[in-house]
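Data first, discussion second: the structure below is written as C-alpha cells.
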Amino acid sequence: MLAATDPRTREAATTLPVYGQLPFVPESGTGCDIVTADGRRILDLYGGHAVAALGYNHPRLVKAIGDQAGKLQFQSNAVALEIRAQAAEKLVEIAPDNLQKVFFVNSGAEANENALRVACTVTRRRKILAVQHGFHGRTAAAAAATWNSSSWYGFPQTPFDVDFITRDDCADAAARIESDVAAVIVEPVQGVAGAYDLSTDFLRAIRRKSAQVGALMIADEVQSGIGRCGYNFAIQAADVQPDIITSAKSLGGGMPCGAMLCSNALAEQFGPGSLGTTFGGGPLAAAAIVAVLDTIAQEGLLQNVRAREQQIRSECTVGPIQRIQGMGLLLGLVCDQPAAEVRDALLQQDILTGTSANPNILRILAPLTLQEQHVTQLADALAQIGK
Ligand code: PLP
C-alpha cells in the first residue's frame, strides 16, 4: 500500500489513468543513471521512450538551456531568433542533401500531422500509405496512418484514405504505390513494433515507386533519428533521400520539440498562414537542439552508438535473449519468454529497459552516451535471468 503522500497515489487521484506506470519514482539523473526518491540508482537503457539522447544532467545541455532561460525564454515565430536560425542550420547540415528547410513543432505526432498535411496539399490526393506495424503518433492524421489504431482512434473518421504495405515486401510496395497516393510514411526502423529494421531494398523500392507516381516519401525518424541508429538519420544508412523527414524525441534531449524537414521545392508551395504553431521553434527548444546536435558531433556519439551496438550484439544474446534486431541503440531483443517478464527481472537488478508492441520483444533505447561497462552490466544481468 503506497503512502498518501507518494506521487503515485497523488497522480492516480488527479490524472487520467491511461498509463501503466513502472514501480519507482525518479527524482534525479546523472549520466545513464536515474536516481529514485528512495536512493536507488537504476541504469536507464530506455531513455524515457528514446528521449534522453545525452543521458541525464549532461553539462552542455544543462548549460545551454540555463543560459537561454536567463536570456530569453520565449518568443514565437512572429520574430526571427538567432538561436532558432542556428538550430535550423544545424539540422539541415546533418540531413540528406535534398532537405534544406525546417518547420519546427512540439512533438513527433505534430511533425507527422504536418508532413501528411503537406503531402495531401501539394499532391491534391487523398490517400496515404503506411507500413504494417508502423507507429506515427496519436493525433488525427498520425494515428490514422498507425497500424492497428482503430481500437483507440476515437475520431469519427480518418482525414484521408489509408492503406498499409506489407513490411519488407518490395512487390507489395510497387503494387500499392499508385498515382492516387499522396504519400508513403515509413519508419526506417520501426520502433514501437520492436525495433524492426526494414530492409534497404524495401526502403529503396518505396523511394523508386513514389518518385515514379509523384507521391511523397515521408521518413518518420521520430524514434530512429538524431544519431540513435548510428547515423544522423537512419534512412541515410540505406542511402535513400525521402521528400520529408520528421523528427522529435532525442532532438531536444528532453526539451519537448519536433521538426519537419523538407526540400526547397516543397517549401516554396507554402506561404504565410498555411502551417503554424505557437511553441514550435521556441528559444528554449532551439537551444536544446543546438546543444544536442553539437554534442553528438563533438563527442563522437555516432561512433559510440555503433560500437555499443556491436558490443550488445556480441555480448547480450544470453539468458532469455534469442536474437537481436534493429540498428544502433534502437534495438529489439527477441526473448524466449514474455518481454515484460524480462523487463521486470532486469529492473530487479536495477536496469531499466522497455517492452514493445510485440510481446516477445524487449526494447533498448539507451542514451547515445552509453558506456562499455553498461553493456557488460546488461549482459551479466541477462545471464542471471532464469538461473
Ligand atoms: N513516430 C514514431 C516513430 C514514434 O515512435 C512516436 C512515439 O513513440 C511518434 C511518432 C509520436 O511522437 P510523440 O509521442 O512525440 O507525439
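Owing to the predicted nature of the structure, the values given are computational and were not obtained by experimental measurement. Remember, it's 1-based here, ligands and their atoms both numbered in the order they're listed.
Of all the heavy atoms of Glu110, none lies under 4.0 Å from any atom of ligand 1, so neither backbone nor side chain is involved. At a heavy-atom distance under 4.0 Å, only backbone atoms of His136 (N, CA, C or O) approach ligand 1. Contact annotation for Ala109 and ligand 1: heavy atoms of both the backbone and the side chain come within less than 4.0 Å of the ligand.
Close approach of ligand 1 to Glu187 is summarised as follows: ligand atoms under 4.0 Å from at least one heavy atom of the residue are 3 (C). Heavy-atom proximity to Asn112, at under 4.0 Å, picks out these atoms of ligand 1: 1 (N), 10 (C).
Among protein heavy atoms, the minimum distance from atom 1 (N) of ligand 1 is reached at Asp220 OD2, 2.8 Å. Looking only at heavy atoms of the protein, atom 8 (O) of ligand 1 is closest to Lys249 NZ, 3.0 Å.
Atom 14 (O) of ligand 1 is not flagged as protein-proximal [any protein heavy atom, distance under 4.0 Å].
At least one side-chain heavy atom of Leu275 sits under 4.5 Å from a side-chain heavy atom of Val118. Residues Glu221 and Pro188 meet the side-chain proximity criterion, which asks for heavy atoms closer than 4.5 Å. Counting heavy atoms from C-beta outward, Arg176 and Lys209 have side chains that stay 4.5 Å or more apart.
The N/O atoms of Gln223, backbone and side chain alike, include one that comes under 3.5 Å of an N/O atom in ligand 1. Considering backbone and side-chain N/O atoms, Val222 never comes within less than 3.5 Å of an N/O atom of ligand 1.
Hydrophobic clustering, with ILVMFWY side chains joined whenever heavy atoms are under 4.5 angstrom apart, keeps Leu91 apart from Val222. Both Ile312 and Leu45 are assigned to one and the same hydrophobic cluster, defined by single-linkage of ILVMFWY side chains at heavy-atom distances under 4.5 Å.
Phe103 and Phe270 have their aromatic ring centers separated by at least 6.0 angstrom.
Judged by the 6.0 Å distance and 45° axis criteria, Arg167 is positioned over the aromatic ring of Tyr196.
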Derivation of the side chain to side chain contact (heavy atoms under 4.5 Å, CB included) call for Ser263 and Asp243
CA-CA 7 Å; Ser263 64; Asp243 300 291; 5.9 Å; no
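Across Ser107, Ala248, Ala111, Gly108, heavy-atom proximity to atom 12 (O) of ligand 1 is greatest for Gly108.
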